[in-house]
Amino acid sequence: MRLTRTSANLLVRLSSKQLSTKTIPKPPPPLFKPHQTTKSHIDIMEAQQVPKTCKVILSDTIAKKLLSEVRETLAKIQGPDASKPTLAAFLATDDPSALQYAEWSKKTCEENGFNFDLRKVNKEDLEESIIAANNDDNVDGILVYYPIWVGNHSQDKYIKETVALSKDVEGLCHTHLFNMYHNVRFLDPPANLKKSILPCTPLAIVKTLEYLQIYNPILAYGNRLFGKTITVINRSEVNGRPLAALLANDGATVYSVDVTGVQVFTRGEGIRQLRHQVHDKEGWELKDVLPLSDVVIGGVPTEKFKVPTELLRDGAVCINFSSFKNFDGPAVKEKASIYVPSIGKVTIAVLLRNLVRLIANRPRPEGSAPEDPKDAKARSEAFIEG
Ligand SMILES: NC(=O)C1=CN([C@@H]2O[C@H](COP(=O)(O)OP(=O)(O)OC[C@H]3O[C@@H](n4cnc5c(N)ncnc54)[C@H](O)[C@@H]3O)[C@@H](O)[C@H]2O)C=CC1
Ligand SMILES: Nc1nc(=O)c2c([nH]1)NC[C@@H]1CN(c3ccc(C(=O)N[C@@H](CCC(=O)O)C(=O)O)cc3)C=[N+]21
């Protein structure tokens, strides 16, 4: 082959370059060659272009953190050779969801050093059985599964009042509920050493919001939701209404939505009031409050109900506590910043946290020396705030 002048020059230039590579370090090899377009490379490139920004947080993660705090606190308030605390749980119906919840609770109790004593009783014997447990020093906490007399709220209410205040692990006695609605945090003012007990599911949602850092620790304790707007879809006496009150007492503006309409729970402008107030929002509907909300909490007990994703604020935080999925999973992940699909495990962790709190609240055994006030304060503060 005859070389032209240009190609001959090129050869000379190439060979002098090759010579010089002996002294210059080799560049690192490319990560992947541009002509290699395997599926995984396309996936990586697409993921880089459209990152999945929504973080899905599972209740297990939140529950694990709480349970380790519970074990630590129990060790602090009990001596090294203290016996396992016992939770007595009364089931007086054949409600399958209560039975399943009881089985999950039993497992978590036993894995974390607690006894769970499920007592199946007849409705007619329930009151006497509770009184016996109230008087039994081997029972540390009492839980009764509701509803019992379906459609007869006052009979269930009577049973709630039968449980001793000192053993009311779900915070359903009047004193506990009164303190919650009135934003009173202690049972023994002005000493303030015994914390009032809060209902488990609403408190589990508070603990979830703390974990997600929606509670702002820069603000004073009790005001940490100031500036946040939260929608709660459910206003039942056991879940939605106490939850709306708790969140508003902590400073949030809360829209409480149920089948009858919308109410707003708030401590007013500048959160200057000491406890929340409730006002009807005449003519308002879910569609009016969703676009305003930083956090949306679903608790509707039906399969067909879904929060309309298109009305959510971009980057909203979405939490479901219903046993049915209130959010359309794939769609909500495109819109929300954080999605918590269920909170059942957190509820059970909070149940154990409440049990440890009941033990911490107990008066010292008769005959023992009075506790040094400093120790009492430290014991009460063995709990993280809330
Ligand atoms: N994960 C947990 O820790 C727990 C979960 N649950 C679950 O939470 C759900 C709710 O339980 P409860 O409060 O006892 O039920 P409930 O039947 O007493 O109350 C339901 C509430 O939702 C409202 N609601 C129903 N349909 C609605 C709609 N289309 N739009 C707006 N509001 C609507 C009702 O007005 C009512 O306020 C159930 O699925 C239950 O299994 C209950 C206890 C604990
Ligand atoms: N005094 C009393 N307190 C209760 O808390 C109480 C009661 N009575 N009676 C029965 C209902 C029922 N209940 C549930 C709790 C957790 C889930 C739960 O864990 N759900 C799972 C999802 C369930 C699933 O996977 O299907 C979750 O949120 O992760 C469900 C239902 C409490 N109840």
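Bear in mind the structure is a predicted one, so any value in this text is a computation, not a measurement. Each ligand, and each atom within it, is numbered from 1 in the order the structure gives. Sequential numbering from 1 along the given sequence is applied to the chain's residues.
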Non-hydrogen protein atom less than 4.0 angstrom from atom 2 (C) of ligand 2: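 It does: a protein heavy atom is found less than 4.0 Å away from atom 2 (C) of ligand 2.
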
Heavy-atom protein neighbour under 4.0 angstrom from atom 25 (O) of ligand 2: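 It does not: no protein heavy atom is found less than 4.0 Å away from atom 25 (O) of ligand 2.
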
Has [X] got more than 12 heavy atoms of other residues, nucleotides or ligands less than 6.0 Å from its [atom1]?
X: Asp94; atom1: CG; result: no
X: Gln213; atom1: CD; result: no
X: Glu310; atom1: CD; result: yes

Contacting atoms of ligand 2, where contact means under 4.0 angstrom from a heavy atom of Tyr145: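 What qualifies from ligand 2 is 1 (N), 7 (C), 8 (N).
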
Atoms in ligand 2 with a heavy atom of Ala98 nearer than 4.0 Å: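 Those atoms are 10 (C).
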
Option with minimal heavy-atom separation from [atom], where the choices are [options]:
atom: atom 22 (O) of ligand 1; options: Leu286, Thr347, Asn234, Val350; result: Asn234
atom: atom 18 (O) of ligand 1; options: Ser236, Ser256, Gly344, Gly298; result: Ser236
atom: atom 5 (C) of ligand 1; options: Phe305, Phe321, Tyr146; result: Phe321

Proximity of Thr260 to ligand 1 by residue part, where a heavy atom lies under 4.0 Å: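 Neither part.
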
Location of contacts on Thr201 toward ligand 1, heavy atoms closer than 4.0 Å: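 For Thr201, only side-chain atoms sit under 4.0 Å from ligand 1.
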
Does a donor on one side chain sit under 3.5 Å from an acceptor on the other, for [X] and [Y]?
X: Asn183; Y: His276; value: no
X: Asn216; Y: Arg224; value: no
X: Asp168; Y: Ser166; value: no
X: Glu127; Y: Tyr158; value: yes
X: Tyr215; Y: Asp250; value: yes

Applying a 4.0 Å heavy-atom criterion (strictly less than), which segment of [X] is in contact with ligand 2: side chain, backbone, both, or neither?
X: Ile343; result: backbone
X: Tyr101; result: side chain
X: Val238; result: neither
X: Glu170; result: side chain

For [atom], the protein heavy atom that lies nearest, with its residue and separation:
atom: atom 26 (N) of ligand 1; answer: Val300 CG1, 3.4 Å
atom: atom 24 (N) of ligand 1; answer: Val259 CG1, 4.0 Å
atom: atom 36 (C) of ligand 1; answer: Arg235 N, 3.9 Å
atom: atom 41 (O) of ligand 1; answer: Ser323 OG, 2.6 Å
atom: atom 17 (C) of ligand 2; answer: Trp104 CZ3, 3.9 Å
atom: atom 17 (O) of ligand 1; answer: Pro301 CG, 3.7 Å
atom: atom 11 (C) of ligand 2; answer: Ser97 OG, 4.4 Å
atom: atom 28 (O) of ligand 2; answer: Gly344 N, 2.9 Å
atom: atom 7 (C) of ligand 2; answer: Tyr146 O, 3.5 Å
atom: atom 12 (P) of ligand 1; answer: Asn239 ND2, 3.4 Å
atom: atom 32 (N) of ligand 1; answer: Asp258 CA, 3.4 Å

Below 3.5 angstrom, do we get any N/O pair linking [X] and ligand 2?
X: Ser323; result: no
X: Ser342; result: yes
X: Phe321; result: no
X: Leu143; result: no

Trace of the salt bridge (Lys or Arg N to Asp or Glu O under 4.0 Å) decision for Arg362 with Asp140: CA-CA 10 Å; Arg362 247 172 4 209; Asp140 298 282; 2.7 Å; yes

Validation row: Lys333, Tyr339 side chains within 4.5 angstrom (heavy atoms):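 Result yes, sub-4.5 Å side-chain heavy-atom pair found.
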
Non-hydrogen side-chain atoms of Val356 and Ile77 separated by less than 4.5 Å: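 They are in side-chain contact.
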
Per-atom contacts of ligand 1 with Ile233, taking only distances under 4.0 Å to non-hydrogen atoms: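 With Ile233 as reference, the close atoms of ligand 1 come out as 31 (C), 32 (N).
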
Distance filter under 4.0 Å to Val238 heavy atoms, resulting ligand 1 atoms: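 Ligand 1 atoms under the 4.0 Å threshold to Val238: 14 (O).
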
Cation-pi check, Lys160 onto Tyr146 ring (under 6.0 Å, within 45° of axis):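 Yes.
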
Under 3.5 Å donor-acceptor, Lys306 side chain and Glu303 backbone: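 Pair found, side chain donor or acceptor close to backbone of Glu303.
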
[Y]/[X] salt bridge by N-O under 4.0 Å criterion:
X: Lys207; Y: Glu210; value: yes
X: Lys167; Y: Asp137; value: no
X: Lys65; Y: Glu69; value: yes

Ligand 1 contact by Gly299, heavy-atom criterion under 4.0 angstrom: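 Judged by the 4.0 Å heavy-atom criterion, Gly299 does count as contacting ligand 1.
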
Evaluation steps, side-chain contact (heavy atoms from CB on, under 4.5 Å), between Thr61 and Tyr211: CA-CA 10 Å; Thr61 316; Tyr211 181 90; 3.3 Å; yes

